[in-house]
Amino acid sequence: MRLPGAVGCLLPRGVLLLLLGVCKALSLEIKANPKVIAVVGEQALLKCSFKSSSPIIESLVVYWTYRPLAGGPMETVFHYQSVPYPTTVGKFKDRISWVGNVASGDASIALQSPELSDNGTFFCNVKNPPDVYHNIPQTVLEVTERGLSFQLTSAALLSLSVFLPSTIVVVLLLVRMGRKFRVLKEKRKGGYKKSSIEVSDEPEQTESTGCSGKLRAWCLNCVDTDEEDLY
């Protein structure tokens, strides 16, 4: 004998709501960075945080597992229960350290001296009884070498910081020299004659022959900071 549809659906719905309530009451919420990009030889931080519906107890356990990029079985690379237990075997031996704090919901670890062969996926797993339901977030680790573009950028910045001040000084000197040259040129065009005092103050100049002598005389006139007044 079949029950009416309304009565038959009432019990499963009630049971479902009850189960959902229990799952919500006894659950952990775990979050981790979906992707971390690291540089060969530089420490990589793998962040993981959690929220528990129950108080943090001593039996809380943190597991970090790893699966290579090429696939294959997962391996446990870190274990925490009251104290950290880094792995003592495998490729991550002596390379993973605990940087978390369970009291504040932090289950992060740090990977020392990452290599290109470390590319893969890390999983953060936290258990805090009686919480029994939780997600297991994953973090994809991508290890790269420091690119040539970064090296060129660093070299360019260094060169800019060294040569920019010198370039500014040279430009200012050229502007001042050009300005002085224009003043001298205008004086010559206007038939400017020096006073007897200016003539007597000027040192006797020996005749210079060749381009080098003319260039030296021109530079001495340009770098003179005292501009003569036009009459």
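Please read these numbers as outputs of a predicted model, since none were measured by experiment.
Between the side chain of Ser108 and the backbone N or O of Cys48, at least one donor-acceptor pair lies under 3.5 Å. For the pair Lys91 (side chain) and Ser117 (backbone), a donor-acceptor distance under 3.5 Å is present. When atom types are taken as modelled, the side chain of Arg67 and the backbone of Thr121 share no donor-acceptor pair closer than 3.5 angstrom. A donor-acceptor pair is defined here as one N or O able to donate and one able to accept, closer than 3.5 Å; such a pair exists between the side chain of Trp64 and the backbone of Ala107. Of the possible donor and acceptor atoms, none in the side chain of Tyr66 sits under 3.5 Å from a partner among the backbone N and O of Phe92. Side chain of Thr87 to main chain of Val89: a donor-acceptor pair is present (N/O by atom type, distance under 3.5 Å, no hydrogens or angles). Checked by atom type and distance alone, the side chain of Thr139 pairs as donor or acceptor with a backbone atom of Asn33 at under 3.5 Å. Between the side chain of Arg146 and the main chain of Val40, no donor-acceptor pair closer than 3.5 Å is present.
With contacts defined as side-chain heavy-atom distances shorter than 4.5 Å, the pair Lys127/His134 qualifies. Side-chain contact between Val77 and Glu75 is present, with heavy atoms from C-beta onward closer than 4.5 Å. Taking the side chain as every heavy atom from C-beta outward, Lys31 and Phe50 never approach each other to under 4.5 Å. Inter-residue side-chain proximity for Leu46 and Val36 is flagged as met; some heavy-atom pair is nearer than 4.5 Å. Side-chain atoms of Pro137 and Ile30, non-hydrogen and from C-beta on, do get closer than 4.5 Å to each other. Between Glu115 and Arg95 the shortest side-chain heavy-atom distance falls below 4.5 Å.
A donor-acceptor contact closer than 3.5 angstrom is absent between the side chains of Ser27 and Asp131. Between the side chains of Asp106 and Ser104, no donor-acceptor pair of N or O atoms lies under 3.5 Å. Residues Ser54 and Asn128 bring no donor and acceptor atom of their side chains to less than 3.5 Å of each other.
The neighbour count for Lys35 NZ, taken as heavy atoms of other residues, nucleotides or ligands under 6.0 Å away, does not exceed 12.
Applying side-chain contact (heavy atoms from CB on, under 4.5 Å) to His79 and the options Val62, Asn125, Val61 leaves one that passes, Val61.
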